[in-house]
There are 2 protein chains.
Amino acid sequence: MPPSAPSPDDVGALSALLPGVTDGVLPAACPSRTVLDHVTSKWGVLVIIALSDGTHRWSALRRVVQGVSEKMLAQTLRTLEADGLVHREARPVVPPHVEYRLTERGRGLAEHLLPLMGWIAQNADDIVAEAATR
Amino acid sequence: MPPSAPSPDDVGALSALLPGVTDGVLPAACPSRTVLDHVTSKWGVLVIIALSDGTHRWSALRRVVQGVSEKMLAQTLRTLEADGLVHREARPVVPPHVEYRLTERGRGLAEHLLPLMGWIAQNADDIVAEAATR
DNA sequence: CAGCATCCCGTACGATACTG
DNA sequence: CAGTATCGTACGGGATGCTG
């Protein structure tokens with residue numbers, strides 16, 4: 001298969017929609033894919049959403065993000081922390097008191113996730129109702 | 001919001017950020033969670049992004065969304081189709097010719113995913129570089 | 001070309017128990 | 001209170017082969 005085959009279809013307008021981001025293709029092994037996987041991990045979006053209104057303690061996060069296990073909450077927070085999206089602050093008191101909040105970078109991301117969540121919440125009822133009929 | 005209101009951290013300002021969406025909690029079993037799971041499934045975001053610049057054939061999608069297997073591409077497309085986000089059109093010719101495009105609803109969703117992808121693409125290098133040092 | 005069926009494996013995930 | 005440690009399983013998801 002000749003790599004020079006100029007097909008007007010496969011080199012779409014993606015590059016125009018995501019300027020400087022793609023050359024008409026979404027590469028498998030690239031930093032964007034890694035970050036996307038972290039963010040769209042099972043609990044990533046929900047944790048970031050939960051933190052977008054300010055600082056929360058571990059126990060508060062467990063209550064807000066309903067259904068998350070201790071293990072997964074910890075793992076998700078570790079990943080987001082390593083990515084510089086979440087800041088962890090532990091106060092050396094007894095009993096322990098640990099707070100989590102978004103970093104500057106995390107807030108930048110949340111600015112995109114909040115509208116997305118809003119859209120989903122507005123359309124979810126219609127979508128699942130429709131999907132149930134098939 | 002009146003400052004006199006005793007907001008003890010667990011009833012956060014989430015409700016204000018996502019008006020009418022949450023009462024300070026992100027419920028486990030609800031339509032929003034279902035749709036979120038569909039969209040943030042491993043290939044959901046990428047397929048929608050790939051379709052945001054117009055109609056694409058099956059084979060084109062496989063080329064654009066690099067790394068996706070036939071099975072997962074099919075499964076993702078079925079789910080998105082059932083959710084009314086993607087439209088499938090098969091032309092009864094030999095050999096088969098099947099086209100996919102976003103529905104109106106799907107375009108509404110893409111309007112939120114594109115900026116998100118843009119942000120990720122811009123920040124991914126820094127994030128991955130930083131995360132590697134830990 | 002577009003895709004389903006089948007097999008099979010790794011790991012993501014949850015439940016439980018334990019600790020600083 | 002805020003986690004780790006350990007274990008077991010379900011399921012996501014890849015590889016292959018077959019079909020309309």
Side-chain angles (χ1 to χ4, degrees), chain A residues 1 5 7 9-10 26 28-29 33-47 50-51 55-83 86-101 134, chain B residues 8-10 26-29 33-34 36-47 50-51 55-83 86-101 134:
Chain A
M1 174 171 85
S7 174
D9 170 58
D10 53 356
L26 300 165
R33 193 71 77 90
T34 303
V35 174
L36 180 66
D37 285 345
H38 291 180
V39 173
T40 65
S41 70
K42 183 160 187 178
W43 303 103
V45 173
L46 292 171
V47 167
L51 286 175
T55 301
H56 288 280
R57 300 184 58 175
W58 165 272
S59 48
L61 283 176
R62 279 221 66 194
R63 256 178 295 117
V64 172
V65 185
Q66 297 197 350
V68 70
S69 66
E70 292 186 350
K71 177 183 174 181
M72 289 318 295
L73 180 56
Q75 192 175 113
T76 303
L77 284 169
R78 297 290 158 271
T79 302
L80 297 179
E81 193 190 354
D83 285 352
V86 165
H87 177 76
R88 176 182 186 272
E89 185 169 0
R91 306 192 178 182
V93 295
V94 194
H97 186 105
V98 181
E99 292 183 341
Y100 294 92
R101 58 186 145 88
R134 332 217 166 219
Chain B
D9 151 84
D10 53 347
L26 299 165
R33 193 70 77 91
T34 304
L36 180 66
D37 285 344
H38 290 181
V39 172
T40 65
S41 70
K42 183 162 187 179
W43 303 102
V45 173
L46 293 171
V47 167
L51 286 174
T55 301
H56 288 280
R57 299 185 58 176
W58 165 273
S59 48
L61 284 176
R62 280 220 67 194
R63 257 176 295 118
V64 172
V65 184
Q66 298 198 349
V68 70
S69 66
E70 292 186 350
K71 176 182 174 181
M72 290 317 295
L73 179 56
Q75 192 175 112
T76 303
L77 284 169
R78 298 287 159 273
T79 302
L80 296 179
E81 193 191 354
D83 285 353
V86 165
H87 178 76
R88 177 184 187 273
E89 186 170 0
R91 305 193 178 181
V93 295
V94 194
H97 186 105
V98 181
E99 293 183 341
Y100 295 91
R101 56 186 147 89
R134 333 218 163 217

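Within every chain, numbering begins at 1; the chains are lettered A, B, ... in the order of the sequence lines, protein sequences first and strands thereafter. Computed over heavy atoms, backbone and side chain alike; hydrogens, waters and symmetry mates excluded.
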A.B. asks: Between A:His97 and B:Pro96, which is nearer to the 5' end of DNA chain D once each is assigned its nearest nucleotide?
C.D. replies: A:His97

A.B. asks: Would B:Arg57 and B:His97 count as having a side-chain donor-acceptor pair, cut-off 3.5 Å?
C.D. replies: yes

A.B. asks: Between B:Arg33 and B:Leu26 (side chain of the first, backbone of the second, donor and acceptor by atom type, cut-off under 3.5 Å), is there such a pair?
C.D. replies: yes

A.B. asks: Taking atom CG of A:Leu80 and atom CG of A:Leu51, what is their separation to the nearest 0.5 Å?
C.D. replies: 8.5 Å

A.B. asks: Which is the 5'-most and which the 3'-most nucleotide of DNA chain D that has an atom under 4.0 Å from a heavy atom of chain B?
C.D. replies: D:dG13 to D:dG20

A.B. asks: Side-chain contact, heavy-atom cut-off 4.5 Å: A:Val98 with A:Arg88?
C.D. replies: yes

A.B. asks: Just by distance, do the side chain of A:His56 and the backbone of A:Ala50 share a donor-acceptor pair under 3.5 Å?
C.D. replies: yes

A.B. asks: So B:Leu36 and A:Leu46, do their side chains get closer than 4.5 Å, heavy atoms only?
C.D. replies: yes

A.B. asks: Calculate, to the nearest 0.5 Å, the distance between atoms OG1 and NZ belonging to A:Thr76 and A:Lys71 respectively.
C.D. replies: 11.0 Å

A.B. asks: Looking only at side-chain N and O atoms, does B:Arg62 come under 4.0 Å of OP1 or OP2 in C:dG3?
C.D. replies: no

A.B. asks: Between B:Ser69 and B:Arg62, what is the shortest heavy-atom contact and its length?
C.D. replies: CA-NH2, 4.0 Å

A.B. asks: Rounding to a whole Å, what distance do you find between B:Glu99:CD and C:dG3:P?
C.D. replies: 12 Å

A.B. asks: Is there a side-chain contact between B:Tyr100 and B:Leu77, using heavy atoms and a 4.5 Å cut-off?
C.D. replies: yes

A.B. asks: Checking B:Val68 now: which residues fulfil side-chain contact (heavy atoms from CB on, under 4.5 Å) with it, not counting sequence neighbours?
C.D. replies: B:Trp43, B:Val65, B:Met72, B:Leu73

A.B. asks: Give me the bend of the helix from C:dC1-D:dG20 to C:dG20-D:dC1, using the axes of the five pairs at each end, rounded to 10°.
C.D. replies: 60°

A.B. asks: A side-chain contact here means heavy atoms from C-beta on lying under 4.5 Å apart; do A:Glu99 and A:Arg91 qualify?
C.D. replies: yes

A.B. asks: Heavy atom of residues 37-47 of chain A under 4.0 Å from DNA chain D: which residues?
C.D. replies: none

A.B. asks: So B:Arg88, base contact, sugar-phosphate only, or nothing? Heavy-atom distance under 4.0 Å.
C.D. replies: sugar-phosphate

A.B. asks: In residues 66-77 of chain A, what residues come within less than 4.0 Å of DNA chain D, judged by heavy atoms?
C.D. replies: A:Glu70, A:Lys71

A.B. asks: Quick one: label B:Arg78 by what it contacts on the DNA or RNA (base, sugar-phosphate, nothing), any heavy atom closer than 4.0 Å.
C.D. replies: sugar-phosphate

A.B. asks: Quick one: salt bridge (charged side-chain N to carboxylate O under 4.0 Å, His left out) pairs with a partner in residues 36-47 of chain B, sequence neighbours left out?
C.D. replies: none

A.B. asks: Should A:Glu89 and A:Arg101 count as an ion pair when the cut-off is N to O under 4.0 Å?
C.D. replies: yes

A.B. asks: Send over the distance from B:His56 NE2 to C:dC1 C1', rounded to a whole Å.
C.D. replies: 18 Å

A.B. asks: Under 4.0 Å: is that the gap between some side-chain N or O of B:Arg57 and OP1 or OP2 of C:dC1?
C.D. replies: no

